[in-house]
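One structure below.
We use all heavy atoms of the structure for the numbers below, so side chains are in, but hydrogens, waters and symmetry mates are not. In what follows, every chain begins at residue 1, and chains take the letters A, B, ... in the order their sequences are listed.
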Amino acid sequence: QQQVKQSPQSLIVQKGGISIINCAYENTAFDYFPWYQQFPGKGPALLIAIRPDVSEKKEGRFTISFNKSAKQFSLHIMDSQPGDSATYFCAASTASKLTFGTGTRLQVTL
Amino acid sequence: DSGVTQTPKHLITATGQRVTLRCSPRSGDLSVYWYQQSLDQGLQFLIQYYNGEERAKGNILERFSAQQFPDLHSELNLSSLELGDSALYFCASSAQAADGAQHFGDGTRLSIL
């Protein structure tokens, strides 16, 4: 049973545009929601994270929006750059176990 | 660089064999996690150790086992290997026992022939 649903599966955005990736979860016990960025041949790298008592968190060009009542959260990448081209995973955690979404392959074109 | 070191980077072996994957956590981190990444199952949590003790278990097969040593490095042992065990195996570490902020190594790619 997939507990974290992620969409879209792939995304193509022009340089300078906004990339938006969405996730939805079912388990209300989740208490930590990180986003990971993965480049080919590398492990997932922690990008930004949020706890459910906050509705938005911004770090540089990356913003997480969190809607607790809808059990949804999203990653916005502002001013997307070719170097942002990677696979992005949302995740949700209870205690220490991370449950990952299926990933979004982002391609930022020139 | 996450500070988490995994060896070897690549491993090729045959069905029925046994392999050991090694992980050194970031300096100061007491928790080690193992994950499996495959095309059909995505990233799946296998098991967590905290300061030498098993802390949490996920979708880990009985053929798989892990341990964490006094110097905090960890090993994942995979035995009676099957073709379906071919995957990327990641180790992650964190400072605390219940910590979602986990830092991943670059993985070991296991290929079963």
Side-chain angles (χ1 to χ4, degrees), chain A residues 1-10 21 23-54 57 59 62 64 66 73 75 86-105, chain B residues 1-10 21 23-26 29-51 53-60 68 87-109:
Chain A
Q1 180 189 4
Q2 183 186 350
Q3 294 191 49
V4 179
K5 294 184 179 180
Q6 183 171 348
S7 64
Q9 197 171 13
S10 63
I21 304 170
C23 284
Y25 62 98
E26 300 166 4
N27 187 351
T28 54
F30 288 139
D31 58 5
Y32 183 77
F33 300 86
W35 284 88
Y36 283 84
Q37 178 190 57
Q38 186 177 26
F39 292 104
K42 295 293 187 180
L46 181 61
L47 195 59
I48 186 173
I50 198 168
R51 295 200 181 274
D53 54 345
V54 177
K57 183 173 181 180
E59 289 184 2
F62 301 91
I64 299 179
F66 189 84
F73 58 112
L75 176 70
T87 300
Y88 292 80
F89 292 92
C90 63
S93 170
T94 175
S96 53
K97 177 185 171 184
L98 279 174
T99 300
F100 283 88
T102 50
T104 296
R105 184 170 291 186
Chain B
D1 182 10
S2 68
V4 178
T5 304
Q6 288 188 249
T7 57
K9 290 191 186 306
H10 304 278
L21 313 183
C23 169
S24 294
R26 290 189 320 166
D29 283 358
L30 299 178
S31 272
V32 170
Y33 312 78
W34 287 98
Y35 291 84
Q36 180 192 59
Q37 185 176 40
S38 61
L39 283 175
D40 55 343
Q41 295 291 325
L43 264 164
Q44 297 270 318
F45 168 74
L46 295 178
I47 197 165
Q48 177 202 4
Y49 277 80
Y50 175 75
N51 205 20
E53 300 290 327
E54 183 183 305
R55 174 82 178 187
K57 230 171 181 177
N59 303 320
I60 188 166
Q68 186 179 27
L88 270 166
Y89 291 84
F90 287 105
C91 168
S93 73
S94 70
Q96 306 299 325
D99 196 341
Q102 299 172 20
H103 300 269
F104 284 72
D106 286 339
T108 293
R109 181 174 294 278

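From B:D106, atom CG reaches atom CD of A:Q38 across 9.0 Å, with rounding to the nearest 0.5 Å. To the nearest 0.5 angstrom, A:K97 atom NZ is 10.5 Å from B:L46 atom CG. Distance check, rounded to the nearest 0.5 Å: CG of A:L46 to OG of B:S94 gives 11.0 Å.
More than 12 heavy atoms of other residues, nucleotides or ligands shown are found within 6.0 angstrom of CZ on B:R26. Heavy atoms from other residues, nucleotides or ligands lying under 6.0 Å from CD of B:E54 number more than 12. The number of heavy-atom neighbours closer than 6.0 Å to CD of A:E59, taken from other residues, nucleotides and ligands shown, is above 12.
At a 4.5 Å heavy-atom cutoff, the contact between B:Y35 and chain A is made by side-chain atoms alone. In this structure, chain A has heavy atoms under 4.5 Å from both the backbone and the side chain of B:A101. Residue A:F33: no heavy atom, backbone or side chain, is found under 4.5 Å from chain B. Of the atoms belonging to B:Q37, it is side-chain heavy atoms, and not backbone ones, that fall under 4.5 Å from chain A.
When all heavy atoms of A:P44 and B:F104 are compared, the closest pair comes out as O-CB, 3.2 Å.
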